[in-house]
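Just below is one structure, and these are the notes that go with it.
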Amino acid sequence: MFKVNRKEAGSRFIDKEGEYIMSIVDVKDVIGNKGREEADLVWKTDDGQSITQRCWNQENCWFWLNKLVLATGAEIPDGEEFDLLGKRGEFGRFLRMLVDMPAVVVVRKEDFVGKDGTKKSNFKVKDLKSVPAAAGSPDDPEI
């Protein structure tokens with residue numbers, strides 16, 4: 001079913017390195033080659049630029065989930081537990097809790113050699129940061 005979304009009209013992929021204020025707009029569940037749950041996070045700026053990031057549901061990658069929680073400012077208390085390996089679908093459910101929460105996404109160009117031996121490059125999410133707090137407005141009372 002088609003859904004009208006004017007932000008999609010100018011959609012384009014990130015094509016240069018930098019820091020972008022973006023939000024996750026979609027989480028696509030994927031089952032990897034080894035049968036593990038994975039997810040593609042679709043990040044988008046307010047002006048429609050986007051980048052997709054793959055997340056893996058494995059313990060040595062969970063530091064990235066904590067980075068996502070910190071950068072988005074999600075109100076998930078420290079110590080709250082999620083059974084990501086034992087409960088099918090929990091990984092995607094956890095990531096969907098972060099949809100529409102802004103973060104600063106650091107994008108870097110990555111060069112690689114393709115399967116055909118040619119040099120290629122693409123842009124990848126390399127780090128996340130919290131969105132800086134807005135400076136006080138002139139109407140804010142001084143303390």
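Heads up: numbering here begins at 1 and tracks the sequence.
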Checklist line | Matching residue for V125 among M22, R54, Q53 - test: side-chain contact (heavy atoms from CB on, under 4.5 Å) | finding: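 The residue from M22, R54, Q53 that satisfies side-chain contact (heavy atoms from CB on, under 4.5 Å) with V125 turns out to be Q53.
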Show the nearest heavy-atom pair for residues [X] and [Y], with the distance to one decimal.
X: W56; Y: C61; result: O-CB, 3.6 Å
X: E90; Y: E37; result: N-OE2, 4.4 Å
X: G32; Y: E38; result: CA-OE2, 3.4 Å
X: L85; Y: N57; result: CD2-O, 3.7 Å

Any donor-acceptor N/O pair, [X] side chain to [Y] backbone, under 3.5 Å:
X: D111; Y: K119; answer: no
X: S130; Y: L70; answer: yes
X: E17; Y: K109; answer: yes

Would you mind listing every salt bridge (Lys or Arg N to Asp or Glu O under 4.0 Å) that reaches into [range], with sequence neighbours excluded?
range: residues 24-33; answer: D29-R96
range: residues 70-86; answer: none
range: residues 97-108; answer: none

I want to check something: taking the side chain as every heavy atom from C-beta on, are [X] and [Y] in contact at a cut-off of under 4.5 Å?
X: I31; Y: R88; result: yes
X: R12; Y: T45; result: no
X: T118; Y: V113; result: no
X: I24; Y: L95; result: no
X: V104; Y: P132; result: yes
X: L41; Y: L68; result: yes
X: I76; Y: F94; result: yes
X: F82; Y: L65; result: no

Note to self: Assess the residue pair D127 and E19 against the criterion (side chain to side chain contact (heavy atoms under 4.5 Å, CB included)); give the C-alpha distance rounded to whole Å, side-chain angles, the decisive distance to 0.1 Å, and a yes or no.
What the structure shows: CA-CA 9 Å; D127 200 6; E19 294 185 2; over 6 Å; no
Count I, L, V, M, F, W, Y as connected when their side-chain heavy atoms are under 4.5 Å apart, and connections chain through other members. Are [X] and [Y] then in the same cluster?
X: V106; Y: I51; answer: no
X: M101; Y: W43; answer: yes
X: V99; Y: I21; answer: no
X: V107; Y: W64; answer: yes
X: V27; Y: M97; answer: yes

Check: To the nearest 0.5 Å, what is the distance between NZ (K44) and CD1 (I14)?
Finding: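 The distance works out to 10.5 Å.
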Item checked: Interatomic distance, S23 atom OG to D46 atom CG [nearest 0.5 angstrom] ->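 Rounded to the nearest 0.5 Å, the OG-CG separation comes to 7.0 Å.
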